[in-house]
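Reckoned from all heavy atoms, side chains included, excluding hydrogens, waters and symmetry mates.
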Amino acid sequence: MGVSRNTVRKYLRGEPEPGYAARPPRAGKLDPYKAYLQERIEAARPQWIPATVLDREIRELGYQGSIRLLRYFVAELKPVARPDPVVRFETEPDRRSLDW
């Protein structure tokens with residue numbers, strides 16, 4: 001099998017595999033401003049506030065991160081447009097017209 005005897009013993013004993021512990025999440029530059037952004041977007045509904053305007057507002061509050069990071073966050077908050085429902089109709093078999 002090409003496996004060491006010690007490896008086989010370890011698995012037969014049921015010892016857990018060594019592994020690294022997960023790192024705790026680090027705070028990002030945008031984290032202190034996320035609550036403000038969510039409140040601002042909710043207050044403006046159904047209108048949408050562009051990310052450039054929000055960037056200008058939080059820069060006055062001390063934000064020093066990139067606008068791209070802000071755009072990624074704001075895109076998650078944007079409501080998804082539902083497609084229009086398809087209106088389906090059916091005709092009787094003898095009523096179909098073959099001349100388009």
Side-chain angles (χ1 to χ4, degrees):
M1 290 182 68
V3 181
S4 167
R5 288 180 180 196
N6 291 335
T7 304
V8 173
R9 283 187 191 118
K10 178 177 73 172
Y11 282 103
L12 288 176
R13 289 181 191 144
E15 295 177 16
E17 287 190 41
Y20 295 104
R23 288 184 174 180
R26 290 179 18 187
K29 290 183 179 181
L30 192 60
D31 287 347
Y33 307 98
K34 285 183 178 180
Y36 171 78
L37 293 169
Q38 289 172 338
E39 289 174 12
R40 186 78 171 88
I41 289 172
E42 285 299 319
R45 286 205 196 273
Q47 301 297 321
W48 184 250
I49 302 172
T52 53
V53 173
L54 294 171
D55 182 53
R56 194 175 336 126
E57 291 178 7
I58 62 174
R59 287 213 184 268
E60 291 174 1
L61 298 174
Y63 176 67
Q64 294 183 359
S66 69
I67 191 169
R68 180 172 290 176
L69 183 63
L70 173 65
R71 283 186 175 147
Y72 286 145
F73 176 71
V74 170
E76 293 174 0
L77 300 177
K78 194 168 190 175
V80 178
R82 294 183 182 173
D84 292 334
V86 176
V87 178
R88 183 179 171 145
F89 66 94
E90 296 186 16
T91 58
E92 298 295 323
D94 60 340
R95 298 282 181 161
R96 287 187 281 179
S97 173
L98 297 177
D99 10 294
W100 297 82

Could you tell me whether the side chain of [Y] reaches within less than 4.5 Å of the side chain of [X], counting heavy atoms only?
X     : Y     : result
Leu30 : Ile58 : yes
Gln38 : Phe73 : yes
Thr52 : Arg71 : yes
Arg45 : Glu42 : yes

| From CG (Leu77) to CH2 (Trp48), nearest 0.5 Å |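 Leu77 atom CG to Trp48 atom CH2 measures 6.0 Å (nearest 0.5 Å).
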
| Hey, what do you get for CZ (Arg40) to CD1 (Ile49), rounding to the nearest 0.5 Å? |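 So the gap between those two atoms works out to 3.5 Å.
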
| query | With a cut-off of 6.0 Å (strictly less than), are more than 12 heavy atoms of other residues, nucleotides or ligands near CZ of Arg5? | reply |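 At most 12 heavy atoms, drawn from other residues, nucleotides or ligands, come within 6.0 Å of this atom.
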
| Got a sec, which residues hit salt bridge (charged side-chain N to carboxylate O under 4.0 Å, His left out) with Lys34, two or more places apart in sequence or on another chain? |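 Asp31.
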
| message | For the backbone of Pro32 and the side chain of Tyr63, can you confirm whether one donor and one acceptor N or O come within less than 3.5 Å of each other? | response |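 Answer holds: no.
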
| field | Whether Arg59 side chain and Gly65 backbone form a donor-acceptor pair below 3.5 Å | value |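 Side chain of Arg59 to backbone of Gly65, a donor-acceptor pair under 3.5 Å: yes, one is there.
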
| said: Show me the pairs that pass side chain to side chain donor-acceptor pair (under 3.5 Å) and involve residues 75-88, at least two apart or across chains. | reply: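 Sorted pair list: Arg88-Glu90.
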
| field | Cluster check Tyr72, Leu37: I/L/V/M/F/W/Y, side chain < 4.5 angstrom | value |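 No.
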
